[in-house]
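One structure below.
As the structure is a computational prediction, the values presented were derived from the model and not from experiment. Naming: A, B, ... by sequence-line order, numbering from 1 per chain.
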Number of protein chains: 2
Amino acid sequence: MMAPAYAPEMPARLAEAAFRLFSDRGIRDVNMEAIAAGAGVTKGSLYWHYRSKDELIRAACSHYYREWHRRTRAALAGEADALRRLDKVVRLSVRDCLLDEGNRVFTLEVFALSLKDSAVREGWRQFFDAVREFYVGLVEDARAAGRIRCDDPGRAVGLMLSAMEGFKLRALFEPGLCAPESERAIGDELLGILGADSGTVTIPQGMENTEEIWRLG
Amino acid sequence: MMAPAYAPEMPARLAEAAFRLFSDRGIRDVNMEAIAAGAGVTKGSLYWHYRSKDELIRAACSHYYREWHRRTRAALAGEADALRRLDKVVRLSVRDCLLDEGNRVFTLEVFALSLKDSAVREGWRQFFDAVREFYVGLVEDARAAGRIRCDDPGRAVGLMLSAMEGFKLRALFEPGLCAPESERAIGDELLGILGADSGTVTIPQGMENTEEIWRLG
DNA sequence: ACACGACCATACTGATAAGTATGGTAACGG
DNA sequence: CCGTTACCATACTTATCAGTATGGTCGTGT
């Protein structure tokens, strides 16, 4: 390949390739050569942009954070109703974080890595904290608008996020748990934890089908 | 070291050493030599008892399953009241699975490994299924005895187990979440999901201290 | 006494992959 | 036109570790 004098997009391309490959085959089973190839270059270029694999992993995580924020902003664009905002964000998280197997692989691998790499751990701590604060704000808005009943938003959000992470993990052993047909029911369950039970939720562009039975496992 | 002609306890000793080291330093950062040394032998002996590292990891998992069953049986010995049985098992799980950092490290590492090793994954699937069935039985008993209100035990247990796994994960980034002083509150939260709210739970050998405030994060 | 099998230790092999050394090429300033 | 810098490719070094080869020792049956 040619060597253009300036390639300002290459760091992002490499981080994106790393994220994609990590999501597909895990972190340890993807070597630097494969990541470089995934971005259309070789190791020489990769190590020019990133000092080490750890640094590249952190960049892949940052890519993940940015994607989450971007998609969340996009989902909320033009939506003013507090309950519908909450509904949209929860269902977006279900679709993008729970139902997508690549996402489950990536996060699980990163979490295992966090046991050792304190920089990665700190990054996710901040991200989780931001997500938590964001959800708490949405819940408080919906409560202030009288759309949900929730005594303790902080506690409810904590429990909801724990349940979401737990579903992700359990899906590893019970693939049916996060199958596409469960999308609706999981969203209902999580919203229920936040005090927005199925009956009171204003469902966006959907007709209510109450015959849908959801049983875990 | 001597070479006694018979060492029938050596496989168990090696599996236990593996479990202990994995819980402390993770799986991939513990090599076969360290495991052998942890059991007081060397690689030669280890490979005589186990064909590969994967086989040893499976043995460490089996050790974990057995320990769980043993402790659960011990906790329930002589307890006949349905609600107290449920209470004891949940609080045992909180203490042994959530509050113990070694346990969190071991399970997270094994889950990441399960992405690749289908035998390990299948083992945990069976274990989780057994645990789930066991909890459902306890919940149904407590409901039949009129001690809790729970419309759908299967769904409630699934949600409770998800929340428990989620707490384990989140503790990695928020160490205070699974701190010793949270033990009581986490148990209350999980029992609440099962329909046994704090007010109706018969607390074993404890006085109720209602001034304990628990907020996630 | 001796052979044999269970058990264990030491030394080695081979593969993988992170990281490095080095040289090449394209754009741009002077 | 030339040097410099940014960017990229290839070849190499090196460390780690799972797994193997081999030989030694202890107990036991005969």
Whole angstrom value for the distance that separates [atom2] of [N] from [atom1] of [X]:
{"X": "A:Ile35", "N": "D:dA9", "atom1": "CD1", "atom2": "P", "value": "15 Å"}
{"X": "A:Leu14", "N": "D:dA6", "atom1": "CG", "atom2": "C1'", "value": "15 Å"}
{"X": "A:Arg13", "N": "D:dC7", "atom1": "CZ", "atom2": "C1'", "value": "12 Å"}
{"X": "A:Ile57", "N": "C:dA18", "atom1": "CD1", "atom2": "C1'", "value": "11 Å"}

*Among all residues two or more places apart in sequence or in another chain, which pass the side-chain contact (heavy atoms from CB on, under 4.5 Å) test with A:Thr107?*
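Only A:Tyr64, A:Asn103, A:Phe111, A:Trp124, A:Lys168 meet the side-chain contact (heavy atoms from CB on, under 4.5 Å) criterion with A:Thr107.
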
*asked:* Going by salt bridge (Lys or Arg N to Asp or Glu O under 4.0 Å), name the residues that satisfy it together with B:Arg85, two or more places apart in sequence or in a different chain.
replied: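 B:Arg85 satisfies salt bridge (Lys or Arg N to Asp or Glu O under 4.0 Å) with no residue once adjacent residues are dropped.
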
*salt bridge (Lys or Arg N to Asp or Glu O under 4.0 Å) involving B:Arg95 - partner list, sequence neighbours excluded*: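 Checked B:Arg95 against salt bridge (Lys or Arg N to Asp or Glu O under 4.0 Å); matches are B:Glu183.
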
*Determine, for nucleotides 17-22 of chain D in 5'-to-3' order, which nucleotides have protein heavy atoms under 4.0 Å from the base (write B), from only the sugar-phosphate (write S), or from neither (write -).*
SBBB--

*Could you list all the side-chain hydrogen bond (donor to acceptor under 3.5 Å, both in side chains) pairs where at least one residue sits in residues 39-51 of chain A, not counting sequence neighbours?*
A:Arg51-A:Glu55

*Should B:His49 be listed as having a side-chain N or O under 4.0 Å from OP1 or OP2 of C:dC8?*
yes

Using residues 16-25 of chain A as the side-chain source, report each donor-acceptor pair under 3.5 Å to any protein atom, sequence neighbours left out, with the distance given to one decimal.
residue	atom	partner	partner atom	Å
A:Arg20	NH2	A:Gly38	O	3.3
A:Ser23	OG	A:Phe19	O	2.8

*Does the distance from a Lys or Arg side-chain N to an Asp or Glu carboxylate O, for A:Arg91 and A:Asp188, drop under 4.0 Å?*
yes

